[in-house]
Number of protein chains: 2
Amino acid sequence: MNIKEASTQTGVSSAAIRYYEKESLIPPIDRTEVGNRDIDERILRRIRFVTQMRAAGMSIESLRRYIELFDAQEDNTKEQKALLQAQLAVMEEKRDDLQAAIDHLNYKLNHFYDHMVTTEEELRALERQHVDKME
Amino acid sequence: MNIKEASTQTGVSSAAIRYYEKESLIPPIDRTEVGNRDIDERILRRIRFVTQMRAAGMSIESLRRYIELFDAQEDNTKEQKALLQAQLAVMEEKRDDLQAAIDHLNYKLNHFYDHMVTTEEELRALERQHVDKME
DNA sequence: TTAAACCTTAAAGCGCACTTCAAGGCAAGC
DNA sequence: GCTTGCCTTGAAGTGCGCTTTAAGGTTTAA
């Protein structure tokens with residue numbers, strides 16, 4: 001499979017695939033006789049893994065170190081587990097921050113519906129809410 | 001409160017606070033007689049709101065448009081609700097992507113413990129797993 | 001044989017979100 | 001009066017993660 005096809009299959013641009021290879025986020029890719037990249041399923045899966053971790057907010061540098069450790073021949077099980085757990089902790093915190101922001105926006109959205117209620121108390125609460133609408 | 005104190009309280013650098021004001025992510029800040037910023041609780045809350053949304057992955061530009069709409073005098077309730085819902089959808093998708101990546105890493109972490117099991121079948125499964133350790 | 005459509009590399013360019021710098025002002029303490 | 005420590009502004013610089021460009025090679029099809 002050429003790089004164009006791999007790009008289509010993964011949604012990652014050809015240039016980005018080359019960039020990932022250069023940065024060692026994916027293993028060295030086999031070449032055809034004339035020097036063109038010949039991408040197989042294994043590489044595709046790696047590209048998708050990189051995409052997923054990038055989308056999860058992992059930097060190129062972290063990802064490179066992470067992959068380096070996992071690709072190493074030596075048995076780094078302990079370090080690998082520690083790294084996995086550290087990365088998990090980072091991502092879980094990120095997820096929780098995101099959830100907090102979602103809750104915040106949901107709270108604001110729910111308070112829009114107050115415009116439909118009419119008791120005195122609710123109108124006063126609404127007024128207070130309106131002033132601080134952004135917070 | 002001067003900008004240094006506001007920076008300490010929010011964990012946002014003085015330069016970033018100035019930048020946020022320039023980009024209209026926070027309202028124009030009152031000045032003392034000599035022209036120094038005098039930051040109050042309302043501004044602090046805004047800075048924290050901006051920080052939270054930034055951490056949730058919202059761009060400066062999106063945030064600026066969002067805040068512009070919410071600060072407007074006219075009653076943009078419909079547009080505001082639509083914007084809130086759109087932003088919520090983006091963030092929920094982001095959260096789900098993050099969760100998928102977390103699940104992926106957890107799966108890998110759990111498979112490390114297979115190194116302690118010993119039945120033939122499990123060893124064969126482990127072998128297959130080992131080859132694709134990165135995926 | 002020439003154009004189209006793919007590929008290669010190295011290097012330069014770009015947008016974002018700040019950070020840092022330069023040049024200067026004000027207020028307090030020695 | 002001078003140093004310290006805060007502040008101001010505008011402009012330039014920075015790091016990341018690609019994208020684009022330039023210059024060229026190969027293959028296919030008309």
Side-chain angles (χ1 to χ4, degrees), chain A residues 1-40 43-44 46-68 87 90 94 97 101, chain B residues 1-40 43-44 46-68 87 90 94 97 101:
Chain A
M1 176 189 315
N2 65 19
I3 199 167
K4 186 105 186 292
E5 177 67 11
S7 171
T8 304
Q9 299 255 335
T10 59
V12 175
S13 75
S14 299
I17 293 172
R18 292 193 194 99
Y19 172 72
Y20 288 161
E21 187 188 12
K22 208 170 80 187
E23 294 297 315
S24 306
L25 302 189
I26 53 183
I29 300 172
D30 289 344
R31 304 308 176 106
T32 64
E33 280 170 8
V34 296
N36 291 4
R37 287 175 182 79
D38 186 14
I39 296 175
D40 60 17
I43 302 289
L44 280 190
R46 278 285 191 110
I47 294 169
R48 294 198 183 100
F49 175 75
V50 168
T51 305
Q52 188 177 37
M53 294 301 146
R54 291 284 306 118
M58 202 169 178
S59 72
I60 297 290
E61 175 59 16
S62 299
L63 202 41
R64 206 186 45 69
R65 274 177 295 157
Y66 176 93
I67 284 170
E68 218 163 61
Q87 190 55 38
V90 167
K94 206 157 196 151
D97 287 352
Chain B
M1 175 190 316
N2 66 17
I3 199 168
K4 187 106 187 290
E5 177 67 13
S7 171
T8 304
Q9 300 255 334
T10 59
V12 176
S13 77
S14 299
I17 293 172
R18 291 192 195 97
Y19 172 73
Y20 288 162
E21 187 188 12
K22 208 170 83 186
E23 294 297 316
S24 305
L25 301 189
I26 54 182
I29 300 174
D30 289 344
R31 303 309 176 103
T32 64
E33 280 169 7
V34 298
N36 290 5
R37 287 174 182 79
D38 186 14
I39 296 175
D40 60 17
I43 302 290
L44 281 190
R46 278 285 191 109
I47 294 169
R48 294 199 183 97
F49 175 76
V50 168
T51 305
Q52 186 177 39
M53 293 302 145
R54 291 285 305 117
M58 201 169 178
S59 73
I60 296 291
E61 174 59 16
S62 299
L63 202 41
R64 207 185 45 68
R65 273 177 297 157
Y66 176 95
I67 283 170
E68 216 165 63
Q87 190 54 37
V90 167
K94 205 155 198 153
D97 288 352

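Letters A, B, ... mirror the listed sequences (proteins, then strands); counts begin at 1.
Taking CD1 of A/Ile17 as the reference point, atom CG of A/Leu25 lies at 12.0 Å (rounded to 0.5 Å). Note that the CG atom of B/Asn36 and the CD1 atom of B/Ile3 stand 9.5 Å from one another [nearest 0.5 Å].
Taking atom CZ of residue B/Arg18 and atom P of nucleotide C/dT19, one finds them 12 Å apart after rounding to whole Å. Distance, B/Glu21 CD to C/dA17 P: 18 Å, rounded to whole Å. Rounded to whole Å, atom P of C/dT9 lies 8 Å from atom CD1 of A/Ile3. Taking atom CG of residue B/Asn2 and atom C1' of nucleotide C/dA27, one finds them 13 Å apart after rounding to whole Å. Summarising the geometry, the separation between CZ on B/Arg64 and P on C/dC18 is reported as 15 Å, rounded to the nearest angstrom. Distance B/Ile17 CD1 to C/dC18 P: 12 Å, rounded to the nearest Å. Distance B/Lys22 NZ to C/dC16 C1': 14 Å, rounded to the nearest Å. If you take OH of B/Tyr19 and C1' of C/dT19, they are 11 Å apart, rounded to a whole angstrom.
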Under 3.5 Å, which protein N or O atoms sit close to an N or O of nucleotides 20-25 of chain C? Give each pair with its distance.
none

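Of the residues in residues 53-63 of chain A, not one places a heavy atom less than 4.0 Å from an atom of DNA chain C.
Mapping heavy-atom proximity under 4.0 Å, the span of DNA chain D touched by chain B runs 5' to 3' from D/dC6 to D/dT9.
As judged by a 4.0 angstrom heavy-atom cut-off over every strand, B/Ser13 is placed among residues touching the sugar-phosphate backbone only. The residue A/Ser14 sits apart from the nucleic acid: no heavy atom pair falls under 4.0 Å.
Between C/dC6 and A/Arg37, no contact under 4.0 Å exists linking OP1 or OP2 to a side-chain N or O.
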